[in-house]
Amino acid sequence: MIEDKIIEACIAAVKQLYGQDVQADAVQLQKTRKEFEGDLTVVVFPFTKASRKGPEPTAQEIGEYIIAQVPEICKYGIVKGFLNLVVKPEYWLEFLRQQNKNPNFGIVASSASKPWLIEFSSPNTNKPLHLGHIRNNLLGWSVSKILEADGKNVIRVNLVNDRGIHICKSMLAWKKWGNGESPEGSGKKGDHLVGEYYVLFDKEYKKEIAALVASGLNEEEAQKQSSIMQEAQKLLRLWESGDEETLKLWKMMNAWVYAGFDLTYQTMGIAFEKTYYESNTYLLGKEIVEKGEAQHLLKRKEDGSVWADLTDDGLDEKLLLRSDGTSVYMTQDLGTARLRVDDFNPERMLYVVGNEQNYHFTVLKKVLARLGFPWAEAIHHVSYGMVELPEGKMKSREGTVVDADDLMDEMKTTAQRMTEELGKTADFTPEEADRLYHMIGMGALKYFILKVDPEKNMLFNPEESIDFDGNTGPFIQYTHARICSLIKRGGFDIEKSSLSPQIVICDEERDILRLCHDFPVIIHKAALELSPAQIANYTYELTRTYNTFYQKIPVLKENDEAIRHFRLALSAFTGHIIKECMCLLGIEVPERM
RNA sequence: GGUUCCGUAGCUCAGUUGGAUAGAGCAACAGCCUUCUAAGCUGUGGGUCGCGCGUUCGAAUCGCGCCGGAAUCACCA
């Protein structure tokens, strides 16, 4: 990379001219701003101490040195303390020639090192996925792709929360009022069907509470006396004791839900290498806690409950086992983490979980460290903000959740309507058209979600449906499709292409080349920050720059064959990178639209 | 109250390890389809980067203090 050469030259320049040593990270090299001539800029302020001169003379001396030492640099300019370097057109041509044939440009080959585990999705089996899960799933999938592109050996895992009182609620409601309803019989999607019974339980429970309160009890007593809640708790005890009939029902209803989830995941375009179930890990968690208590790393209170005392770390005491010996959320996570270490011996374990659980994960790490597990440090919480609606947070009880399946359907329908209005699919087969509508609808949704910094809460307004114009997925897809058709019509063949060294590269073309050149750096940065938003914003910048150029300079009309060839090569390469970026976001790109 | 995160144009969001005159899209207005895809492009208007102080050649970015919002601090998951 040319950047490394310049940095080296700067270090050498300061050493030779001023007799001082500087570290590589002290050299500030950045892209030259559009309004100035140049490709790369060295900030010389940091060197003025060594030179004991003003910024301009220092820049001039270093500039002269770089010109002499780095053959790829043909020119420099100085504005205040900024040394703007111009890269020779030959360098860009050679770069384009080399990389145009390289399908793996920017992608680091996977190493054989220890795997990186990434957990995401983590649904409950008592309700269908909603908009919050969509953000989780898309982030998890994209982060996993980015890590792979950065050379990590990635294993995607899901963790299904398939046990506990909430599951028993939907089971009980189905038993009482279900009349044997099944997905096959009713034609409903399994997760939605089970979700309906969960809601039904809540409705009946509230009704009962209201009746009890009306008869003179206070809220708390009413909750305790509620017969249907007591029945649900009885069901939980039956489940824990391994009652055959209960387990059978549980397995059946879970199977319905899993079939429903699989469909949702398929539509979303995500998949996992392995799925963990909390019903398999909570006992292991209990074991870990009991062992820790025996070693006096944890303490048992008089009522029999077990706690981790984290007050030295400025945190609270944390419950790990209830007084009745049953496990809590944290207990299960201890077991799950342990199981994963046994299964894969991972380098890192990433958890894509909402920022509402930031505290949970700091505690999880602390407790594991307290228990003497060296791999506690491998755990990393990929935290993300909530998706909010204009009226505030989504609440399932108030019916303000945006259902994932509904939303994805809606996106596809909208995509179809708009595409047909534009008459784009007139010559498509029905299958091709359907595939395109799916790509565009999902592309719009995915890009909308992923372009926002994960840490921030984001707003989704169902009234104003997601845009298809401007900084959107379809805009990028559209540009890709246009590049594809351009290449096809232009009769361009990379294998046969030769780029004339006499080409004069205009400003817009340099901008595109610089952006493409940055691609590997962007992937690495996104991998370090675990942020698909980096990729999304980069892709938009590249796409927009290309579009501006495309509009200004007709590609196919150009008479000079050498220029025509160069521009087709540039388009092909840009198209390749756009496709690569979209793949990192989990978004498909069409060849025509 | 403690801890963590957020606050940038009317709205949704970018803004690189501190760097040059803070950028896009949407919305509004004015242009561009006889030429290769108008889901596009060009132009106009729109800013006390929540407020204040500090650090320095330089702060939207770092530190401290306020103001506003969110999450969390459960024998829920």
Side-chain angles (χ1 to χ4, degrees), chain A residues 25-26 28-33 35-36 41 43-46 48-49 54-55 79-82 84 122 124 126 161 163-167 278 301 303-307 314-316 318-324 326-330 332-333 354-360 362-363 383 385-386 388 392-393 415 418-419 421-422 424 440 444 448 451-453 455-461 464 466-479 481-486 489-490 518 521-522 525 529 533-534 536-538 540-541 544 547-552 554-558 592-593:
Chain A
D25 53 11
Q28 292 181 42
L29 190 64
Q30 53 195 251
K31 276 189 290 177
T32 304
R33 288 211 152 206
E35 55 269 36
F36 303 103
T41 295
V43 185
V44 296
F45 289 109
T48 50
K49 269 187 190 155
V79 182
K80 295 193 215 166
F82 299 92
N84 300 324
S122 314
N124 287 340
N126 58 351
N161 178 357
R163 63 168 292 280
I165 186 73
H166 51 290
I167 310 297
E278 285 190 359
K301 290 196 174 170
D303 63 3
S305 56
V306 180
W307 298 74
L315 301 170
D316 298 322
K318 186 74 191 175
L319 176 84
L320 298 177
L321 280 182
R322 295 194 187 98
S323 48
D324 64 2
T326 57
S327 62
V328 291
Y329 179 42
M330 184 64 72
Q332 296 168 15
D333 260 5
N355 61 11
E356 57 198 352
Q357 292 187 33
N358 285 353
Y359 183 70
H360 173 79
T362 45
V363 171
S383 172
M386 302 289 101
E388 285 165 4
K393 218 188 151 186
M418 298 186 77
T419 309
E421 274 170 18
L422 291 167
K424 300 259 187 189
I440 296 174
F448 177 82
K451 75 172 177 184
V452 180
D453 181 344
E455 189 59 33
K456 290 182 178 168
N457 288 359
M458 63 178 292
L459 189 80
F460 174 77
N461 190 345
E464 313 163 8
I466 295 173
D467 263 316
F468 287 65
D469 301 324
N471 187 357
T472 64
F475 166 61
I476 295 168
Q477 291 172 319
Y478 165 72
T479 304
R482 227 178 34 200
I483 288 174
C484 285
S485 107
L486 196 65
R489 288 200 186 211
D518 266 351
V521 180
I522 295 291
K525 192 175 171 238
E529 297 186 10
Q534 296 277 349
N537 287 300
Y538 163 78
Y540 177 65
E541 196 185 345
R544 212 186 113 79
N547 258 351
T548 310
F549 152 77
Y550 170 86
Q551 202 85 15
K552 246 187 206 170
V555 177
L556 295 177
K557 208 178 162 188
E558 191 64 58
R592 60 193 188 120
M593 70 184 269

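These numbers were taken from a predicted model, which means no experiment stands behind them. Below, read A as the first sequence line, B as the second, and so on, with proteins coming before strands; counting in each chain starts at 1.
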Starting at [atom1] of [X] and ending at [atom2] of [N], how long is that distance when rounded to a whole Å?
X       : N       : atom1 : atom2 : result
F82(A)  : rG58(B) : CZ    : P     : 13 Å
Q357(A) : rC5(B)  : CD    : C1'   : 15 Å
R489(A) : rU35(B) : CZ    : P     : 11 Å
N457(A) : rG69(B) : CG    : P     : 15 Å

Practice item. Determine the contact category for V43(A): base if any of its heavy atoms lies under 4.0 Å from a base atom, sugar-phosphate if only primed atoms, P, OP1 or OP2 are that close, otherwise nothing. Key: base

Practice item. Assign N126(A) to base, sugar-phosphate, or nothing according to its heavy-atom contacts below 4.0 angstrom with the strands shown. Key: nothing

**Study point:** Under 5.5 Å and under 30°: F45(A) stacked on rG19(B)
**Key:** yes

Review point. Are F36(A) and rA20(B) stacked, counting the six-membered base ring, centres under 5.5 Å, planes under 30°?
Key: yes

Study note, to complete from the structure: The reported gap from CG in L319(A) to NZ in K301(A) (rounded to nearest 0.5 angstrom) is 8.5 Å

Review point. How are the rings of H360(A) and Y329(A) set relative to one another: parallel (under 30°), tilted (30 to 60°) or perpendicular (over 60°)?
Key: parallel

Review point. Does K525(A) get its side chain close enough to the base of rU16(B), under 3.5 Å, for a donor-acceptor pair?
Key: no

Exercise for review: Mark yes or no for a side-chain to base donor-acceptor pair under 3.5 Å between S323(A) and rC75(B), with no hydrogen or angle criteria applied.
Suggested key: yes

So if I take every side-chain heavy atom of [X] and compare against [options], which nucleotide ends up nearest?
X       : options                   : value
Y478(A) : rC5(B), rU37(B), rC13(B)  : rU37(B)
V79(A)  : rA20(B), rA39(B), rU37(B) : rA20(B)
K393(A) : rA71(B), rU37(B), rA20(B) : rA71(B)
K456(A) : rC36(B), rA14(B), rA39(B) : rA14(B)
E388(A) : rU17(B), rA70(B), rC5(B)  : rA70(B)

Could you tell me the Watson-Crick or G-U partner of [N], where both distances fall under 3.5 Å? Say none if there is no partner.
N       : value
rA28(B) : rU44(B)
rG65(B) : rC51(B)
rU56(B) : none
rG23(B) : rC13(B)
rG1(B)  : rC73(B)
rU34(B) : none

Revision key, fill the gap. The glycosidic conformation of rC6(B), counting syn as within 90° of 0 and anti otherwise, is anti

Practice item. Using the P atom as the reference point in each nucleotide, state the distance between rA77(B) and rG10(B) in Å, no decimals. Key: 46 Å

**Study point:** Stepwise side chain to side chain donor-acceptor pair (under 3.5 Å) check, T472(A) with D467(A)
**Key:** CA-CA 7 Å; T472(A) 64; D467(A) 263 316; over 6 Å; no

Practice item. Go through Y540(A) and F475(A) one step at a time and tell me if the side-chain contact (heavy atoms from CB on, under 4.5 Å) criterion holds. Key: CA-CA 9 Å; Y540(A) 177 65; F475(A) 166 61; 3.6 Å; yes

Study note, to complete from the structure: Of all heavy-atom pairs linking P474(A) and F468(A), the shortest is CG-CD2, 3.5 Å

